[in-house]
Amino acid sequence: MNKNSSHTPPPGQPGCLTVLRSILPHLTKTEHKAAEYILENPAEVIHLTITSLAETCSIAEATIFRLCKKAGFTGFQSFKIALAAEMYPTFATEYQEVSADDSPGALAAKVFHSISEGLQDTLRIVDEKELAKAIAAVCQAKRIYAYGSGVSSIVALDIEYRFIRFGIPVVSYSDAHMQYTSASLAKPGDVILVISHSGSNQDILGAIELAKPCGATVIAITSHLRSPISQAADITLCGMAREVNYRSEAMASRLMHMALIDALYVGVMLQQPDTIKANVQKMRTAVPRRKV
């Protein structure tokens, strides 16, 4: 597929699910197994990595790659984008892709539209029960840690900056050694928020494995619901980012994950309004002293 072409099929051309159905008789046994799973669970497959889909179907990742090639795609990622476009038609609108010929106003409109659509996609898949559990855990937390690497470290730092208003110790770590150290010293009542777009970061996963026996509650913020990290965590909040040609999917996920953190923050705030109001007032009194 040409990366500059629309992911939605032109009028008269079949969508990716239709293509899968049409090639079923020509697939190997394992390819057929993967195709059947995709056809039966398209909404779930959008949020899976090639590794998690392979594990779910008990087949090799290479099998899924061959299936995508037979369906006319360059790989699993391009297939997922087309699948999302088929399920959510607005996913692949003309506003998604920017070009060097765009005016500043047109460029801003396209970027903002892409962000807006990503937020709407995330809202569609938010698990209300998981969010409620996350709010309850943070409300009862004695101490909060936030772990993230790379782009996700920005989200972790944002958690530290805002959640300190709850009046309990909050620390973010982007260094794996500090994540391991703090996780190994965690205690019951501590809450650890881990942020990982792929949900497959080995350092984060190792920190979770250290924290769980200590009695800490782990909340995962990720883009892949069936990832190793989401499976290891006690609570998972999933955000759907859109990959477009001017930024990586991981970069786009930062905004979706921050939106989930916003929802969590507001949820906790509404559970203890008097405490938060008093803490914010103390901050507003203290901060102006640093201004000229």
Side-chain angles (χ1 to χ4, degrees), residues 47-56 61 126-127 129-239 241 249-250 253-254 256-258 260-265 267-268:
H47 310 295
L48 298 181
T49 62
I50 190 171
T51 301
S52 53
L53 179 58
E55 291 176 350
T56 299
E61 293 180 22
V126 168
D127 188 320
K129 292 182 179 179
E130 289 290 280
L131 180 57
K133 287 164 59 178
I135 291 171
V138 173
C139 283
Q140 299 168 13
K142 297 179 181 178
R143 180 170 49 182
I144 297 175
Y145 293 114
Y147 300 159
S149 300
V151 174
S152 294
S153 66
I154 300 172
V155 183
L157 187 61
D158 187 60
I159 291 172
E160 178 182 348
Y161 177 76
R162 281 187 293 166
F163 282 33
I164 197 172
R165 293 167 172 79
F166 299 149
I168 57 177
V170 184
V171 184
S172 66
Y173 292 121
S174 59
D175 179 80
H177 290 90
M178 292 303 296
Q179 292 169 357
Y180 275 45
T181 300
S182 60
S184 65
L185 297 174
K187 298 177 181 178
D190 289 348
V191 169
I192 299 178
L193 285 141
V194 298
I195 305 95
S196 172
H197 163 65
S198 67
S200 302
N201 185 297
Q202 292 186 357
D203 288 334
I204 298 292
L205 189 59
I208 293 175
E209 293 171 349
L210 288 171
K212 293 292 287 294
C214 297
T217 299
V218 179
I219 302 174
I221 310 291
T222 182
S223 300
H224 299 280
L225 192 58
R226 297 290 295 274
S227 64
I229 286 176
S230 64
Q231 297 297 305
D234 298 297
I235 304 167
T236 299
L237 301 177
C238 189
E249 188 179 7
S253 72
R254 180 187 84 256
M256 309 309 125
H257 295 170
M258 282 188 168
L260 288 170
I261 295 300
D262 272 338
L264 178 57
Y265 173 80
V268 174

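Positions are given from 1, in the same order as the sequence printed here.
The shortest heavy-atom contact between C214 and A186 is CB-O, 3.1 Å. The two residues S172 and A156 come nearest to each other via the heavy atoms CB-O, 3.3 Å. Considering all non-hydrogen atoms of both residues, T51 and E61 come closest at OG1-OE2, 2.9 Å. Closest approach of I219 and A137 over heavy atoms only: CD1-CB, 4.3 Å. Nearest heavy-atom pair across L210 and S184 is CB-N, 4.3 Å. Taking every heavy atom of both residues into account, A141 and V191 meet most closely at CB-CG2, 3.6 Å.
Rounded to the nearest 0.5 angstrom, S223 OG and M256 CE are separated by 9.0 Å. One distance of note links SG of C238 with CG of L260; it measures 8.0 Å at 0.5 Å rounding. A distance of 6.5 Å separates CG in L193 from CG in L264, rounded to the nearest 0.5 Å. Between the CD1 atom of I195 and the OG atom of S253 there is a distance of 10.5 Å, given to the nearest 0.5 Å. Note: M258 CE to D158 CG = 4.5 Å, rounded to the nearest 0.5 Å. The OH atom of Y173 lies 8.5 Å from the CD atom of E160; values are rounded to the nearest 0.5 Å.
Residue pairs meeting the side-chain hydrogen bond (donor to acceptor under 3.5 Å, both in side chains) criterion with at least one member in residues 137-146, sequence neighbours excluded: R143-Y145, R143-D190.
Residue Y147 is tested with S153, S196, S182, S174 for a side-chain hydrogen bond (donor to acceptor under 3.5 Å, both in side chains); the sole match is S182.
The side-chain heavy atoms of V170 and R165, taken from C-beta on, include no pair separated by under 4.5 Å. Contact annotation: the side chain of I221 never approaches that of V194 to less than 4.5 Å [non-hydrogen atoms, C-beta and beyond]. Residues L131 and I135 form a side-chain contact, since some pair of their non-hydrogen atoms from C-beta on lies under 4.5 Å apart.
Side chain of E130 to main chain of T236: a donor-acceptor pair is present (N/O by atom type, distance under 3.5 Å, no hydrogens or angles). At distances below 3.5 Å, at least one donor-acceptor pair connects side-chain atoms of T222 with backbone N or O atoms of H197.
H47 and S52 share no side-chain donor-acceptor pair at under 3.5 Å.
In this structure, D234 pairs ionically with K212, as a charged nitrogen and a carboxylate oxygen lie closer than 4.0 Å.
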Side chain to side chain contact (heavy atoms under 4.5 Å, CB included) evaluation trace for I261 with F163: CA-CA 10 Å; I261 295 300; F163 282 33; 3.9 Å; yes
Step-by-step side chain to side chain contact (heavy atoms under 4.5 Å, CB included) determination, I235 to T217: CA-CA 8 Å; I235 304 167; T217 299; 4.3 Å; yes
Less than 3.5 Å apart, which donor and acceptor atoms pair up between the side chains of residues 199-208 and the rest of the protein, not counting sequence neighbours?
residue	atom	partner	partner atom	Å
N201	OD1	D203	N	2.9
N201	OD1	I204	N	2.9

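Counting non-hydrogen atoms of neighbouring residues, nucleotides and ligands closer than 6.0 angstrom, the CD1 atom of I168 exceeds 12 such neighbours.
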